[in-house]
Each structure stands twice: as C-alpha cells, then as structure tokens.
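Worksheet for the structure shown next.
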Amino acid sequence: AYRGGIIGLIDGVTIQQPSDGTGSILTIDSNGLSTWNSQSYGAGIEAYGSGSSITLGNHINIEYFYYSVVADNNGHVDAPSGGVTGKYAGDVNFMARGGGVIVCTPCSAYGASDNSDTNNVLGSNYDAERNGTLYIDGSSGQNSQVNGIVGITGGAIWAHNTTLKGGISNSGNGIAVWEGSKGEFANTTISGGYNIGVDSTESSYANINNCTIDGNTIGILADGGRISGSS
C-alpha cells in the first residue's frame, strides 16, 4: 500500500519467496546465519507513506523476504488479533520506521540474519527507528543475529509480555534502546543466549518491571541510557 493506498484486509495466506538461492535469500546455514542476493530489500507486506494502511487478519505467514512486514514514512500496519508470523528475514522481521506504526498483538518472528557483509551484520526480530512505533504486546522473537527488539533514533516500543529466545551463537541483544528511544517491556522473558539481555544507551529508556532475564552473557547494561524496573 503506497502513498495513501489502503488494503482493507489480508488474511489466510502464505507469502513466500524461494529458499533455494533463486529468490532474495541466497544461503542459510544450520545455525541460522543467512546471506542474501544483491538488491534483495523488499518486504512481504509494506505500507509506505502518509495515509497508507494495511489491516492483517490472524492467519498470515511470511517467509524469506528481507523484511517480513514494514510500516514506513508514516504508513500503518494493523494486526489487532495477531496471528502474523515472519520467518527468515534479513535485516528485520517487523520494522516500523520514519513515523510508521505497526500494531501486532501478538505476532511471531523467527530467524533474522544478514551475514553477507561480515563487517556489517544485520538481523533483528522487531525494530522501531526514526520515530517509528511498535505495539507488539504478547509477541515472540527468536534466532536473531543482532537484536530481539530494538529502538533506534527516537523509536517507541510497547512490548509487554513478550518472549525472546536467544540470538544466533550468543550474539546481539535481547532488548536494545539506542539514540533517544523508549520502550516498555514489563513481564517480558529474555533468555537463551544473547550477548546482552537489556541494553540502553544515548539517553534512551527501558522499563523492565517483572522481567525474567536469564542465560545471557551480560544481563542488564545502561551505558548513557536509563533502565528502571521492580521485581
């Protein structure tokens, strides 16, 4: 949906590219590390531009796109009943950027990795950046190379009661809020082998009330950011 386009409902579909190297993804190894073909930057579902919106039902599966779902440049994607699964993305499974908004309560993200350039690896399950907003209460994320959930450059995140189950090869962060981003993560479980469970930098803020953070190299790190939580 572009520049004011509206799609009233998508439901009951699998949106899938080939996984044999002829689509966007080039290779994926047994650990989940992926490489991608050049210029493979598309999304399975994308709302781009002010007034653009897509409503999703709760029977959707998206596989082998560089982005599973994107809301960009003030576009909106609304999945109020959840049931949307994004698998095997490159940069991000679910991305809200440039003022875009994703409501997905709850959704599921599995596998996010781009190891094509080992000097600039990518791969996050959920990302809110450049004033993008994620409302993903109850969602789950697993097997990301860089972040489970990340806010960058003013991103806003509501992710209560979420479950994050480990980076690839003990890498990345479970939750990261950077560059003035803010997030609410109450009752979230972060486990299974991230480098940092919760990371807050550069005047960012994370609330982690009643969270369980276990089995990561570093549990909680505030480096120029702020983290608060009880229990």
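Only this structure's heavy atoms are used, side chains among them; waters, hydrogens and symmetry mates stay out.
Here the CZ atom belonging to R97 is positioned 12.5 Å from the CG atom belonging to L134, to the nearest 0.5 angstrom. Taken to the nearest 0.5 Å, the CG atom of N161 stands 6.5 Å off from the CG atom of D137. Taken to the nearest 0.5 Å, the CG atom of N207 stands 4.5 Å off from the CD atom of E184. Taking CG of N37 as the reference point, atom CD1 of I25 lies at 9.5 Å (rounded to 0.5 Å). Between the CG atom of L26 and the CD1 atom of I28 there is a distance of 11.5 Å, given to the nearest 0.5 Å. Distance check: T105 OG1 to Y135 OH gives 5.5 Å after rounding to the nearest 0.5 Å.
Between Y66 and L122, some side-chain heavy-atom pair lies under the 4.5 Å cut-off. In this structure, the side chains of V69 and N93 stay at 4.5 Å or more apart for every pair of heavy atoms. You'll find the side chain of F185 stays beyond 4.5 Å of the side chain of V198, heavy atoms only. The side-chain heavy atoms of W178 and D199, taken from C-beta on, include a pair separated by under 4.5 Å. Looking only at side-chain heavy atoms (C-beta outward), I149 and N125 stay at 4.5 Å or farther from each other. With a 4.5 Å cut-off on side-chain heavy atoms, V84 and C107 count as touching. Taking 4.5 Å as the limit, some side-chain heavy atom of R130 sits within range of a side-chain heavy atom of D72. The side-chain heavy atoms of I15 and V13, taken from C-beta on, include a pair separated by under 4.5 Å.
Using cut-offs of 30° and 60° on the angle between ring planes, the pair Y126 and F94 is parallel. Between Y88 and Y110, the ring-plane angle classifies as perpendicular under the 30° and 60° cut-offs.
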Note to self: Assess the residue pair D20 and T22 against the criterion (side-chain hydrogen bond (donor to acceptor under 3.5 Å, both in side chains)); give the C-alpha distance rounded to whole Å, side-chain angles, the decisive distance to 0.1 Å, and a yes or no.
What the structure shows: CA-CA 6 Å; D20 61 0; T22 62; 2.6 Å; yes
Margin query: As a quick check of understanding, evaluate side-chain hydrogen bond (donor to acceptor under 3.5 Å, both in side chains) for N58 and S81, giving each step before the final call.
Written below: CA-CA 6 Å; N58 58 358; S81 298; 5.0 Å; no
Note to self: Go through it in stages, so that I can follow the logic: the residues are V146 and V121, the test is side-chain contact (heavy atoms from CB on, under 4.5 Å), and I'd like the CA-CA distance, side-chain angles, deciding distance and then a yes or no.
What the structure shows: CA-CA 8 Å; V146 180; V121 297; 4.3 Å; yes
Notebook entry, point to check: side-chain contact (heavy atoms from CB on, under 4.5 Å) between V101 and V77: does it pass, once the steps are laid out?
Noted result: CA-CA 6 Å; V101 177; V77 176; over 6 Å; no
Next item on the list: Could you go through the side-chain contact (heavy atoms from CB on, under 4.5 Å) check for D78 and H76 one step at a time?
Entry: CA-CA 6 Å; D78 190 15; H76 286 237; 6.0 Å; no
Notebook entry, point to check: Run the side-chain hydrogen bond (donor to acceptor under 3.5 Å, both in side chains) check on T163 and T189 step by step: do they pass?
Noted result: CA-CA 5 Å; T163 302; T189 298; 5.2 Å; no
Next item on the list: Could you please spell out the steps behind the side-chain contact (heavy atoms from CB on, under 4.5 Å) verdict for I190 and N216?
Entry: CA-CA 8 Å; I190 305 159; N216 310 293; 4.2 Å; yes
Next item on the list: Show your working on side-chain hydrogen bond (donor to acceptor under 3.5 Å, both in side chains) between S24 and Q17 and close with a plain yes or no.
Entry: CA-CA 7 Å; S24 292; Q17 289 207 51; 2.8 Å; yes
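S50 places no side-chain N or O within donor-acceptor distance of the main-chain N or O of N74, the cut-off being under 3.5 Å. Here the side chain of S144 pairs a donor or acceptor atom with the backbone of N147 at under 3.5 angstrom. Between the side chain of S204 and the backbone N or O of S181 there is at least one donor-acceptor pair closer than 3.5 Å. In terms of modelled atom types and a separation under 3.5 Å, the side chain of S140 and the main chain of T162 share no donor-acceptor contact.
Under the 4.5 Å side-chain heavy-atom criterion for grouping Ile, Leu, Val, Met, Phe, Trp and Tyr, I136 is connected to L164 within one hydrophobic cluster. Tracing side-chain contacts under 4.5 Å through hydrophobic residues (I, L, V, M, F, W, Y), one never reaches I60 starting from Y64; they form parts of separate clusters. Y194 and I196 fall into different hydrophobic clusters, defined by Ile, Leu, Val, Met, Phe, Trp and Tyr side-chain heavy atoms under 4.5 Å apart, directly or through other members. Under a hydrophobic clustering in which Ile, Leu, Val, Met, Phe, Trp and Tyr are joined whenever their side-chain heavy atoms come within less than 4.5 Å, directly or via other members, I10 and I6 fall into different clusters. Residue I175 is grouped with residue I213 when hydrophobic side chains (ILVMFWY) are merged at heavy-atom distances under 4.5 angstrom, including chains of intermediate members.
Side-chain polar atoms of T35 and S116 form no donor-acceptor pair below 3.5 angstrom. Side-chain contact annotation: S171 with Q145, donor-acceptor N/O pair under 3.5 Å absent. If you check the side chains of N115 and S113, you find no donor sitting under 3.5 Å from an acceptor.
Applying the side chain to side chain contact (heavy atoms under 4.5 Å, CB included) test between L56 and each of V103, D11, I45 identifies I45 as the sole match.
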